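Heads up: the structure comes next, in structure tokens.
What you see is a predicted model; the values in this text were computed from it and never measured.
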Amino acid sequence: MSEPLRCRAPAIATVQVDDDKVRVTRWDFAPGAETGWHRHGMAYVVVPVTDGTLHLELPGGATQSAALKAGVSYARPFGVEHNVVNGGSAPLSFVEIEMKAFSG
């Protein structure tokens, strides 16, 4: 995977727990900030801290939007590849819980 030239501010990732079972990372995004292209090596759960809109850039040039609601979680399998961008005009935060037993 080759990451294209970054033109946006990076989101801030703060690892809160990293043990033999899970990695818990809080992600904080200014408006327009991005994670950068990445592929998830573990199944994961996202717990939104704030309401907001994610803009997802997907392989092959596809895009998708996802509305986040604070406290309403969702799960994804390992292998997901994307760049996550705060598509709204307000700061956005979520907690990502990666489950090491479910890795590829």
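Here CG of L56 is found 9.0 Å from CG of N83. Values are rounded to the nearest 0.5 Å. Here the straight-line distance linking atom CG of D18 with atom NZ of K100 works out to 3.5 Å at 0.5 Å rounding. With values rounded to the nearest 0.5 angstrom, H82 atom NE2 is found 11.0 Å from R39 atom CZ.
Under the rule for a salt bridge (Lys or Arg N to Asp or Glu O under 4.0 Å), R76 has no partner lying at least two apart in sequence or in another chain. Under the side-chain contact (heavy atoms from CB on, under 4.5 Å) criterion, S103 pairs with M42, sequence neighbours left out. Residues meeting the salt bridge (Lys or Arg N to Asp or Glu O under 4.0 Å) test with K69, sequence neighbours left out: D51. Annotation: salt bridge (Lys or Arg N to Asp or Glu O under 4.0 Å) contacts of E96 (sequence neighbours excluded): none. Considering only residues two or more places apart in sequence or on other chains, P77 meets the side-chain contact (heavy atoms from CB on, under 4.5 Å) condition with V80. Legend: residues meeting salt bridge (Lys or Arg N to Asp or Glu O under 4.0 Å) with D28, ordered by chain and number and at least two apart, are R26.
Side-chain contact between V47 and I97 is present, with heavy atoms from C-beta onward closer than 4.5 Å.
Without hydrogens or angle criteria, N86 side chain to A90 main chain gives a donor-acceptor distance under 3.5 Å.
The two residues S65 and H55 make their nearest non-hydrogen contact at OG-ND1, 4.3 Å. Residues T50 and P91 share a closest heavy-atom pair of OG1-O, 4.1 Å. Between V72 and P48, the closest heavy-atom pair is O-CD, 3.1 Å. Heavy atoms only, all atoms of each residue included: A11 and W27 are closest at CB-CE3, 3.8 Å. Nearest heavy atoms, L58 versus T63: CD1-C, 4.4 Å. Closest approach of A13 to T25, counting heavy atoms only: CB-CG2, 3.8 Å.
One hydrophobic cluster, built from ILVMFWY side chains closer than 4.5 Å, cannot hold both V15 and V49; they sit in different ones. In this structure, V85 is not a member of the same hydrophobic cluster as L92, with clusters built from ILVMFWY side-chain heavy atoms closer than 4.5 Å. In terms of hydrophobic clustering, with Ile, Leu, Val, Met, Phe, Trp and Tyr side chains grouped at heavy-atom distances under 4.5 Å, I12 and V95 are assigned to different clusters.
The 12-atom threshold is not exceeded at CZ of F102, counting heavy atoms of other residues, nucleotides or ligands nearer than 6.0 Å.
The aromatic rings of H40 and Y44 sit parallel, their planes meeting at an angle under 30°, below the 60° perpendicular limit.
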Original post:
Would E98 and V24 count as a side-chain contact (heavy atoms from CB on, under 4.5 Å) if you check the C-alpha gap in whole Å, the side-chain angles of each, and the deciding distance to 0.1 Å?
Top reply: CA-CA 6 Å; E98 296 174 288; V24 178; over 6 Å; no
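Aromatic rings from F29 and F94 are positioned such that their centres are separated by under 6.0 Å.
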